[in-house]
2 protein chains.
Amino acid sequence: MSIDGQLPPKARLLRAAAELLANSGGSPISTRQITQQAGVTAPTLYHHFGDKEGLFDAVVAAGFDEYVAGERDFAPSGQPLEDIRRMWDNHVQFGLKQPELYLVMFGNIRPESRPAIVADAEALMEEMLNKAAVSGQLNVPPKEAARSILAANVGMTLMLIAEKAPERNLELSAMTRDAMIFAVSTEQARDTGSVDSGKSSVVVAAIALNAALQASHSDQLSSSELKLFLEWLHRISNSSTS
Amino acid sequence: MSIDGQLPPKARLLRAAAELLANSGGSPISTRQITQQAGVTAPTLYHHFGDKEGLFDAVVAAGFDEYVAGERDFAPSGQPLEDIRRMWDNHVQFGLKQPELYLVMFGNIRPESRPAIVADAEALMEEMLNKAAVSGQLNVPPKEAARSILAANVGMTLMLIAEKAPERNLELSAMTRDAMIFAVSTEQARDTGSVDSGKSSVVVAAIALNAALQASHSDQLSSSELKLFLEWLHRISNSSTS
DNA sequence: CAGTTCATATAGCGTTGCTATAGGTGCTAG
DNA sequence: CTAGCACCTATAGCAACGCTATATGAACTG
């Protein structure tokens with residue numbers, strides 16, 4: 001059951017902690033579980049890592065390296081804002097792929113004490129935003145832009161993690177992402193695969209329809225018919241928002 | 001030292017838990033602390049609240065009432081999107097005023113399990129966004145808009161709480177807020193030429209119709225009108241594929 | 001080979017959330 | 001008035017938690 005490879009105890013502790021965390025499903029894991037899985041006794045853990053938090057910090061640091069690796073892979077596209085977009089998506093993917101680790105990294109908020117990892121992630125994003133600022137694409141100082149974008153990015157990722165897997169809607173993430181990037185950028189020509197092009201005649205009819213509906217506060221509609229109608233409307237509104 | 005008023009033990013437990021939580025500075029508080037401060041022994045707590053989480057849920061419920069009260073105070077301004085703006089700010093203020101309580105409410109994220117409180121807050125915001133949708137101001141279904149805005153709102157608040165008080169920059173919150181609201185709204189004073197025709201597409205109309213219908217409680221349209229509307233919608237959706 | 005340092009183990013401390021059991025309290029029925 | 005009953009609270013203690021004082025072994029250094 002335990003990890004009995006030739007690895008030194010320190011590495012075995014790290015690995016055991018990471019594995020147990022990944023399979024914990026969110027429930028807290030104890031030092032006894034970790035030391036047992038690593039085939040080691042308690043004092044060894046505290047000798048190497050000081051305390052439980054120290055061990056988890058080490059796990060987080062390793063996880064962050066992976067996180068950074070993912071960010072760097074996408075980095076050199078020449079268009080800084082496009083890179084920011086990819087950083088956002090990579091951030092979300094990282095959180096969804098390893099939710100427990102992500103929650104340890106970004107979910108342990110305490111008043112007036114920022115996890116070091118958040119500052120690192122912010123610096124990473126700020127670095128990228130700096131390139132955008134140099135080429136005059138930023139509307140806001142890079143530091144503040146990074147803060148805002150990362151805050152929204154974390155919030156979005158936390159929300160997605162909290163949702164059950166089949167209900168997760170990544171389009172919400174994309175929309176929020178573009179909204180944040182647009183807000184800090186100077187380029188006012190938006191191109192996020194927009195749907196609205198050449199529909200001015202449709203607009204008139206839609207508005208008229210809307211007005212007619214709101215004006216009709218008197219008649220009746222059977223619930224089954226209403227259901228059908230709602231379903232139809234829902235399908236339309238959803239099929240076009242993608 | 002303990003709370004020895006004439007209040008029943010249940011209320012004293014609630015009060016003790018809330019007070020200890022508010023003054024804990026983020027460090028976890030024990031059931032023994034709570035029961036001692038309430039002048040009560042352990043089984044009393046478990047008789048009334050089941051377990052520690054049950055007690056905290058009750059504290060959270062009380063806190064949420066206060067939260068909702070703050071939201072409702074600002075509600076009726078006539079301009080739904082302006083109300084959303086105020087809801088955002090109230091959310092942030094609530095989090096900064098009672099960070100420990102806020103963290104219990106919105107910070108205890110676990111994979112695939114949404115705190116009930118988040119769903120409530122989302123419903124509150126969706127309700128307001130529904131008004132915006134009815135008047136054709138929404139670009140996105142209210143439910144998804146509420147999800148996105150609330151996710152960013154929580155992310156921003158968590159980030160502000162984690163920062164040390166003097167360093168908190170509320171302008172970042174305002175910028176993010178406006179970016180999110182702008183992203184889901186139709187009032188787009190940007191992009192290409194045609195400004196005052198409004199950019200509302202068939203999507204906007206469908207969303208508005210959907211919201212209006214849901215608000216109408218199913219007895220305001222005759223079946224003949226329904227047929228007519230369906231026909232109109234059909235014509236619109238066909239012409240939009242040009 | 002003696003001394004020092006690093007690394008691990010034995011055993012146990014204090015605290016945690018929680019509970020099996022029992023006793024007291026206030027109500028209503030006879 | 002009292003018997004019974006449901007409700008509430010206390011005594012005492014369990015298992016699991018994070019952590020450590022102390023001791024023992026191994027490995028390098030002089």
Side-chain angles (χ1 to χ4, degrees), chain A residues 1-61 100-101 103-104 107-108 110 113 115, chain B residues 1-61 100-101 103-104 107-108 110 113 115:
Chain A
M1 265 314 181
S2 59
I3 303 177
D4 286 316
Q6 294 82 349
L7 290 81
K10 186 172 180 177
R12 278 187 292 170
L13 279 168
L14 265 174
R15 186 164 165 176
E19 287 184 4
L20 285 172
L21 182 67
N23 302 330
S24 67
S27 58
I29 60 180
S30 66
T31 59
R32 282 176 169 80
Q33 280 180 280
I34 298 172
T35 54
Q36 181 181 350
Q37 170 127 2
V40 153
T41 52
T44 304
L45 190 161
Y46 295 93
H47 173 69
H48 287 290
F49 299 99
D51 60 356
K52 185 184 184 180
E53 194 180 332
L55 171 57
F56 275 78
D57 284 349
V59 174
V60 161
E100 296 86 6
L101 177 59
L103 288 178
V104 173
N108 276 337
R110 304 190 56 194
S113 92
Chain B
M1 264 315 175
S2 58
I3 303 175
D4 286 316
Q6 294 81 349
L7 289 80
K10 187 172 180 177
R12 277 187 294 171
L13 279 168
L14 267 174
R15 185 164 165 176
E19 289 184 2
L20 284 172
L21 182 68
N23 302 329
S24 66
S27 58
I29 60 180
S30 67
T31 59
R32 282 176 169 80
Q33 280 180 281
I34 298 171
T35 54
Q36 181 181 350
Q37 170 126 7
V40 153
T41 53
T44 304
L45 190 161
Y46 295 93
H47 172 70
H48 287 291
F49 299 99
D51 60 353
K52 184 184 182 181
E53 194 180 333
L55 171 57
F56 275 77
D57 284 348
V59 173
V60 162
E100 296 86 5
L101 177 60
L103 287 178
V104 173
N108 276 338
R110 302 192 56 195
S113 92

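For the numbers below, each heavy atom of this structure counts, side chains included, while hydrogens, waters and symmetry mates do not. Proteins come first, then strands; the chains are lettered A, B, ... in the order of their sequence lines, and each starts at number 1.
The bend of the helix from C:dG3-D:dC28 to C:dG30-D:dC1, defined by the angle between the axes of its first five and last five pairs, stands at 10° to the nearest 10°.
Within the structure, a side-chain polar atom (N or O) of A:Y46 is placed less than 4.0 Å from OP1 or OP2 of D:dC19.
Nearest heavy-atom pair across B:L55 and B:A17 is CD2-CB, 3.9 Å. The two residues B:L14 and B:F49 come nearest to each other via the heavy atoms CG-CZ, 3.9 Å. A:S24 and A:S27 get closest at one heavy-atom pair: O-OG, 2.9 Å. B:A16 and B:Q37 make their closest contact through CB-CG, 3.6 Å (heavy atoms, listed as atom of the first residue, atom of the second, distance). Residue A:A42 comes nearest to A:T35 through the heavy atom pair CA-CG2, 4.0 Å, listed as atom of the first residue, atom of the second, then distance.
Partners of A:F56 according to the side-chain contact (heavy atoms from CB on, under 4.5 Å) rule, which considers only residues two or more places apart in sequence or in another chain, are A:L21, A:I29, A:I34, A:K52, A:V104. When the side-chain contact (heavy atoms from CB on, under 4.5 Å) test is applied to B:A18, the partners found at least two apart in sequence or on another chain are B:V59.
Counting heavy-atom neighbours within 6.0 Å of B:Q33 CD, excluding the residue itself, gives a total above 12.
The NE2 atom of B:H47 lies 11.0 Å from the CG atom of B:L13; values are rounded to the nearest 0.5 Å.
Look at CD on B:Q36: it is 17 Å from C1' on D:dT11, rounded to the nearest Å. Going from atom CD of A:E53 over to atom P of D:dG18 covers 13 Å, rounded to whole Å. Atom NZ in A:K52 sits about 9 Å away from atom P in D:dC17, given to the nearest Å. In this structure, CZ of B:F49 is placed 14 Å from C1' of D:dT9, rounded to the nearest angstrom. Rounded to a whole Å, the CG atom of B:L20 is 16 Å from the C1' atom of C:dT16. Atom CZ in B:F56 sits roughly 10 Å away from atom P in C:dC18 (whole-Å rounding).
Less than 4.0 Å separates DNA chain D from at least one heavy atom of each of the following residues of residues 23-35 of chain B: B:R32.
Looking at heavy atoms from C-beta onward, A:N108 lies out of side-chain contact with A:L103 at the 4.5 angstrom threshold.
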In the 5'-to-3' direction, what one-character label does each nucleotide of nucleotides 3-10 of chain C receive under the scheme B = base within less than 4.0 Å of a protein heavy atom, S = sugar-phosphate only, - = no such atom? ----BBBB
Sub-3.5 Å pairs of nitrogen or oxygen atoms, protein against nucleotides 24-28 of chain D:
none

